[in-house]
Amino acid sequence: MKSLDGKVKKEKENGFASPQHMKSEPEDDFYHSPKYENCVFYVYFIEALRIGLIIFLNLVYSDFSSDGCILLIPGGKRRDTQTVVKWKFLEHKGPVFAPPYEPLPSNVKFYYDGKVMRLSPEAEEVATFFAKMLDHEYTTKDIFRKNFFKDWRKEMTAEEKAKITDLKKCNFSEMNEFFKAQWRSDVVFLCPEYGFCIMDNHRERIANFRIEPPGLFRGRGDHPKMGMLKRRIRPEDIIINCSKDSKHPEPPPGTRWKEVRHDNKVTWLVSWTENIQGSIKYIMLNPSSRIKGEKDWQKYETARRLKKCVDRIRNQYREDWKSKEMRIRQRAVALYFIDKLALRAGNEKEEGETADTVGCCSLRVEHIKLYPENDGQEYVVEFDFLGKDSIRYYNKVPVEKRVFKNLQLFMENKEPDDDLFDRLNTSILNKHLQELMDGLTAKVFRTYNASITLQQQLKELTNAEENIPAKILSYNRANRAVAILCNHQRAPPKTFEKSMQNLQTKIDAKREQLSDAKRELKSAKADAKVRKDEKSKKAVETKKKAVQRIEEQLMKLEVQATDREENKQIALGTSKLNYLDPRISVAWCKKWGIPVEKIYNKTQREKFAWAIDMADEDFEF
DNA sequence: TGGAGGACTTGGGGTCACTATC
DNA sequence: GATAGTGACCCCAAGTCCTCCA
């Protein structure tokens, strides 16, 4: 692990201040505070007899260290460390398990081949997973049905297995109706108890304190494992991570944890291994927590460092297009795509285990087409592939001649399903990037290009003369430019057409209202001209104000319609949450007097509390 | 050195609760 | 009070990148 010395030094040189909230300065009322530097001492007064001592010792003697972050000790003095300690003290209540299966009431029947059939509890539970999804497209997909049926049969008794041999003959509709009508039990009240933990004196919100319930795996795209049974997680599957000196969470009576460990070099509280892919799942802290906030801040600082050397890197990869070595040319062309098109790195994937999706390094020959000329443009590359979450990436872009020629070279004598960059993978690329800049990986380009685009677009689109709704439209347009760059798509909402129609009706009505109001104003003016008295003058003023008000309302509606239409298939949330340095948005709000609530909702404000604290209107990414 | 596993971020969709409208 | 529409929040899958070990 890298020493933090260099980082701290660099940050000092660059003039980065540590965000205010990252300092360890306990305040009261942390429970409702958007900041999270509040001490638990005040709220947990009763429990504090025991915890208090630890808190006190922590406050006095410890710093709050985090991997790669500036460390502060009480008094604000920075201290560097070699360790990768992420927390000093961690206490939590453990996870909340999915409620046990309750057999269906006897009036809810399952039919096989038109006849009522009573299922064993094990088989019935798995059947209910399918029944609950009956209205979903998944249950019409062959792979889903095949996987489900195979796993369902494993839960059946020998008798059931012999009888139930064809999924088509199964009728789950009564079960489906039953679940639709059922009142959903509310576990929100568990939140204050299980939804929080104590980490380094701070009461922190936990992101996902509930264990994922059993069900059918919903893989995306053409996932070969969709429909498989996600088994129930039991205490014996759970690894608890907490402080040695904390009050360990208790497993449910009569059970035990798989393991209790005290690893303060990781940030998770609970983990278990899921049975579909064999991957590990975690319970971690909410994005508003200090540990996540620091990481987020670091991410944007790395992207800002890239800004300083991006020209050098671009010059270098342009040079590398001419390299004698194929691997260097491939690396340089791939990097050009990552930089220009904000493509993801594209790790290798195990064939047949997941949906067939690719990123830059894993592009295949079949994913691009080359056009020496297309629609009056030279050297056009057409990309068409499925990216993360099987979202289609389609783009036709003119590229530089050397890139085009190189691509022709890379594609020579290859089959459509051969790798385009056969001498490259993400670890080779990232190793190279690491040499160009400390901490640089392919992902950083996406963050950098997203943030810099937002900043540029905001400068370009914001008009000082415009009112707040128009400025917010500009913001959304800038956000949209980033979402398009990053290919963040969404399925148009089901109610989209209808709601657009309703909005249009409102606009039409408002227009009519406006023309009525104008007509009234005109006649009031004429009246005032004849009568020349105070009363009629006043009437003119009133009518004028009415026209103005309606004009504003109409504009608001029109802006709303434009915004919604332009947003039909674009998802803004992902870029806002993960790629755009929040300080750009905060600075923009401050500069133009826009309430930050118009840009960020409550959750987002909590996540970006550090940026709201830090950024003034002059902030430059 | 490279492959596997682990830790963490990113991502779209689903659900729910709140608000507006009738 | 019922209903429709919507945004916020939750869920958990699917990525990226790092570490560890043979």
Side-chain angles (χ1 to χ4, degrees), chain A residues 1-2 67-68 84 86 132-133 135-138 184 186-188 191 195 207-213 215 217-221 223 225-226 230 239 241 263 265-268 271 273-274 276-287 291-292 295-296 299 344-350 353-355 357-362 386-391 425-431 433-434 439-444 446-447 450 483 486-491 493-496 498-500 502-503 506 560 564 569-579 600-607:
Chain A
M1 200 62 201
K2 284 170 290 241
D67 182 22
V84 287
K86 302 201 172 166
K132 281 177 189 169
M133 291 178 73
D135 298 329
H136 204 286
E137 202 196 337
Y138 271 119
R184 205 179 158 277
D186 194 3
V187 285
V188 170
C191 195
N208 54 324
F209 57 92
R210 259 166 279 184
I211 297 285
E212 292 174 20
F217 177 69
R218 305 182 180 207
R220 307 196 183 121
H223 201 295
K225 293 187 174 180
M226 65 166 75
K230 246 178 75 164
I239 302 174
N241 193 30
D263 184 357
K265 292 170 190 65
V266 295
T267 65
W268 53 267
S271 78
T273 303
E274 55 91 34
I276 305 288
Q277 325 262 16
S279 63
I280 305 169
K281 299 262 186 168
Y282 303 95
I283 289 182
M284 288 184 188
L285 295 192
N286 187 273
I291 219 163
K292 296 283 184 192
K295 219 41 198 312
D296 213 32
K299 174 180 80 183
R344 293 188 189 85
N347 282 319
E348 283 151 289
K349 297 168 76 185
E350 222 172 307
E353 292 292 302
T354 55
T357 62
V358 296
C360 186
C361 294
S362 52
L386 296 182
K388 183 178 176 181
D389 292 319
S390 294
I391 298 291
N425 61 38
T426 51
S427 76
I428 295 174
L429 180 66
N430 280 337
K431 219 170 180 183
L433 293 176
Q434 189 62 45
L440 185 61
T441 64
K443 193 163 83 85
V444 179
R446 233 166 122 79
T447 312
C486 295
N487 199 41
H488 292 145
Q489 297 186 32
R490 63 163 183 174
K494 281 169 199 143
T495 54
F496 184 83
K498 204 181 164 205
S499 79
M500 275 311 276
N502 290 349
L503 192 55
K506 270 190 197 167
Q560 203 182 340
R564 204 179 289 177
Q569 296 192 67
I570 315 276
L572 299 185
T574 306
S575 49
K576 206 183 217 180
L577 235 48
N578 300 303
Y579 288 108
Y600 292 132
N601 65 32
K602 185 173 149 275
T603 318
Q604 291 164 340
R605 290 198 300 278
E606 278 167 10
K607 171 169 173 163

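Proteins come first, then strands; the chains are lettered A, B, ... in the order of their sequence lines, and each starts at number 1.
Heavy-atom nearest nucleotides on DNA chain B were determined for K265(A) and for H136(A), and the one closer to the 5' end corresponds to K265(A). Toward the 5′ end of DNA chain C lies the nearest nucleotide of K602(A), the other residue of the pair K602(A) and L440(A) mapping further downstream.
A tilted orientation is assigned to the rings of Y282(A) and W268(A), their planes being inclined by 30° to 60°.
Dashed line: the shortest gap from a side-chain N or O of N347(A) to OP1 or OP2 of dG15(C) is not under 4.0 Å. Regarding contacts with the backbone of dC8(B), a side-chain N or O of T267(A) is found under 4.0 angstrom from either OP1 or OP2. Remark: K292(A) is in phosphate contact with dT9(B), judged by side-chain N or O atoms under 4.0 Å from OP1 or OP2. T441(A) has a side-chain polar atom (N or O) that falls below the 4.0 Å cut-off from OP1 or OP2 of dC17(C). In terms of phosphate contacts, S271(A) brings no side-chain nitrogen or oxygen within less than 4.0 Å of OP1 or OP2 of dA7(B). Note on N208(A): every side-chain N or O is 4.0 Å or more away from OP1 and OP2 of dC11(C).
Annotation: side chain of V266(A) is not in contact with side chain of K86(A) (no heavy-atom distance under 4.5 Å). Between R218(A) and M133(A) the shortest side-chain heavy-atom distance falls below 4.5 Å. Between K292(A) and M284(A), some side-chain heavy-atom pair lies under the 4.5 Å cut-off. Inter-residue side-chain proximity for C361(A) and L429(A) is flagged as met; some heavy-atom pair is nearer than 4.5 Å.
A straight line from NZ of K349(A) to C1' of dG3(B) spans 18 Å, rounded to a whole angstrom. One interatomic measurement links the two molecules: CZ of R218(A) to C1' of dG13(B), which rounds to 9 Å at whole-angstrom precision. Atom C1' of nucleotide dT19(C) and atom CG of N430(A) are separated by 14 Å, given to the nearest angstrom. Rounded to an integer number of Å, the gap from CD1 of I280(A) to P of dA4(B) is 15 Å. Distance Y282(A) OH to dT16(C) C1': 13 Å, rounded to the nearest Å. One interatomic measurement links the two molecules: CG of N425(A) to P of dC17(C), which rounds to 12 Å at whole-angstrom precision. If you take CD of Q604(A) and C1' of dA8(C), they are 9 Å apart, rounded to a whole angstrom. Going from atom CZ of R210(A) over to atom C1' of dC10(C) covers 8 Å, rounded to whole Å.
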Show me the protein contacts with nucleotides 10-12 of chain B, counting only N or O atoms at under 3.5 Å.
unit_1, atom_1, unit_2, atom_2, d
dT10(B), OP1, K443(A), NZ, 3.2
dT10(B), OP2, K299(A), NZ, 2.8
dT10(B), O3', Y579(A), OH, 3.0
dT10(B), O2, K388(A), NZ, 2.5
dG11(B), OP1, R344(A), NE, 3.2
dG11(B), OP1, R344(A), NH2, 2.7
dG11(B), OP1, R446(A), NH2, 2.7
dG11(B), OP1, Y579(A), OH, 3.0
dG11(B), OP2, H488(A), NE2, 3.1
dG11(B), OP2, Y579(A), OH, 3.1
dG11(B), O4', K388(A), NZ, 3.4
dG11(B), N2, R220(A), NH2, 3.1
dG12(B), OP1, Q489(A), N, 3.3
dG12(B), OP2, T574(A), OG1, 2.8

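Side-chain contact of K349(A) with S362(A): a donor-acceptor pair under 3.5 Å is absent, judged by distance alone.
No more than 12 heavy atoms of other residues, nucleotides or ligands sit less than 6.0 Å from atom CD of E348(A).
In this structure, the nucleotide among dC12(C), dC8(B), dG15(C) sitting nearest to the side chain of V266(A) is dC8(B).
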